[in-house]
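One-based numbering, in listed order, for ligands and for the atoms of each. Here, residue 1 is the first one in the sequence, and each next residue gets the next number. In this text the structure is predicted, and so the values were computed from the model without any measurement.
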Amino acid sequence: MPRYAQLVIGPAGSGKSTYCSTMVQHLQTLNRSAQVVNLDPAAEHFDYPVMADIRELIQVDDVMEDASLRFGPNGGLVFCMEYFANNFDWLGESLGHVEDDYILFDCPGQIELYTHLPVMKQLVEQLQQWEFRVCGVFLVDSQFMVESFKFISGVMVALSAMVSLEIPQINIMTKMDLLSPKAKKEIEKYLDPDMYSMMEDNSDNIRSKKFKNLTKAICGLIDDYSMVRFLPFDRTDEEGINIVLQNIDFSIQYGEDLEFKEPKEVDEEPANLNYDAFFQDKVDS
Ligand SMILES: Nc1nc2c(ncn2[C@@H]2O[C@H](COP(=O)(O)OP(=O)(O)OP(=O)(O)O)[C@@H](O)[C@H]2O)c(=O)[nH]1
Ligand SMILES: [Mg+2]
């Protein structure tokens, strides 16, 4: 029997630890057992019970205080993650060998871990060797996605993580509860966007022809990968959390031995319908 993993990744402060605690509570309400592993050696606050904590292996503060290493916070974190990659045995022992496990990994927010450093890819390969089916859950803060140029750069980071990790990836916009009704309406078009029309809408604002062409090429690239779908995540909305969970479960075929599962909205009908319902609920309430 395989085991299942959500690798919760994304920029600093995007809501990874909050997501883990919300999701694990949600799984408990569904009577499903799930555990969380903290993989952030600089973590200070999280409110979920951990089955393993990387800080038992190494802590950023200790690395920074080491007179021979002399690292700052970012270099210190990279050092910790490289040390972790050389000591996966620690993780193996902490995880044990329980079959049918469902584990969320709360990862650090340094973006270089998902763009060019090999450690996260090494972690994925190690988990796969331990028979985990791994899904990347990439979080971005909705507050930073309400403008098209910010959105394009956010998508580029998500795409870069997807290409480098080579696992199924579900992209999520967090902190939806903080958006005003107007911003919610505005962000709807970013959840399942048409990159070309977004480009057309904004091309008048770009004066430099070279920049215009570059933006067009980037939009084309994003469109070609056709992965620019985001699911809204509002920690107060159980139904929305469930839709996110169904999509993740589907991508790793959780419970396929029991029954074949399909996420609600990946049917004949486009996902937009659910987003409409989601936003309509919010406007009504
Ligand atoms: N209102 C609201 N606040 C949120 C939500 N998710 C996270 N936050 C807040 O955003 C801040 C950062 O959240 P974290 O969960 O610590 O983010 P993180 O991605 O784990 O941060 P790092 O580990 O530092 O990269 C905290 O103050 C959270 O309370 C959300 O869905 N709604
Ligand atoms: Mg965190």
Review point. With a 4.0 Å cut-off, strictly under, does atom 32 (N) of ligand 1 pick up any protein heavy atom?
Key: yes
Point to revise | Numbered atoms of ligand 1 (with element) below 4.0 Å of A12, judged on heavy atoms | key: 25 (O)
Point to revise | Contact (N/O only, under 3.5 Å) between S17 and ligand 1 | key: yes
**Study point:** Any T174 heavy atom less than 4.0 Å from ligand 1
**Key:** no
Point to revise | E56, CD: over 12 other non-hydrogen atoms inside 6.0 angstrom | key: yes
Review point. Under 30°, 30 to 60°, or over 60°: which ring-plane class applies to F46 and Y48, parallel, tilted or perpendicular?
Key: parallel
Point to revise | Ligand-side contact atoms (ligand 1) for residue partner G15, heavy atom cut-off under 4.0 Å | key: 7 (C), 13 (O), 14 (P), 15 (O), 17 (O), 18 (P), 19 (O)
Exercise for review: Provide the number and element of each atom of ligand 1 under 4.0 Å from a heavy atom of G109.
Suggested key: 25 (O)
Review point. Of the protein's non-hydrogen atoms, which lies at the shortest distance from atom 25 (O) of ligand 1, and what is that distance?
Key: K16 NZ, 2.8 Å
**Study point:** Under 2.8 Å: N/O/S of T18 next to the Mg ion (ligand 2)
**Key:** no
Revision key, fill the gap. If we number the atoms of ligand 1 from 1 as shown, the ones under 4.0 Å from a heavy atom of D40 are 23 (O)
Point to revise | Validation row, ring centre F132 to ring centre Y4 under 6.0 Å | key: no
**Study point:** N/O donor-acceptor pair under 3.5 Å between K16 side chain and G10 backbone
**Key:** yes
**Study point:** Under-4.0 Å salt bridge between K175 and D141
**Key:** yes
Exercise for review: Kindly check if the number of other-residue, nucleotide or ligand heavy atoms within 6.0 Å of NZ (K216) is above 12?
Suggested key: no
Review point. For atom 30 (C) of ligand 1, which of L179, I111, D177, I9 has the closest heavy atom?
Key: D177
Exercise for review: Give a yes or no on whether the ring-centroid distance for F230 and F151 is below 6.0 angstrom.
Suggested key: yes
Review point. Looking at atom 26 (C) of ligand 1, what's its closest protein heavy atom, distance included?
Key: T18 OG1, 4.7 Å
Point to revise | Identity and separation of the nearest protein heavy atom to atom 21 (O) of ligand 1 | key: G13 N, 3.2 Å
Exercise for review: Flag the pair D234 and K184 as a salt bridge only when some basic side-chain nitrogen lies within less than 4.0 angstrom of an acidic carboxylate oxygen.
Suggested key: no
Exercise for review: From the options K175, R235, H45, Q143, select the one whose nearest heavy atom is closest to atom 29 (O) of ligand 1.
Suggested key: R235
Practice item. Answer side chain, backbone, both or neither: which part of L178 comes under 4.0 Å from ligand 1, heavy atoms only. Key: side chain
**Study point:** Aromatic Y102 / basic R32 pairing, under 6.0 angstrom, 45° off normal
**Key:** yes
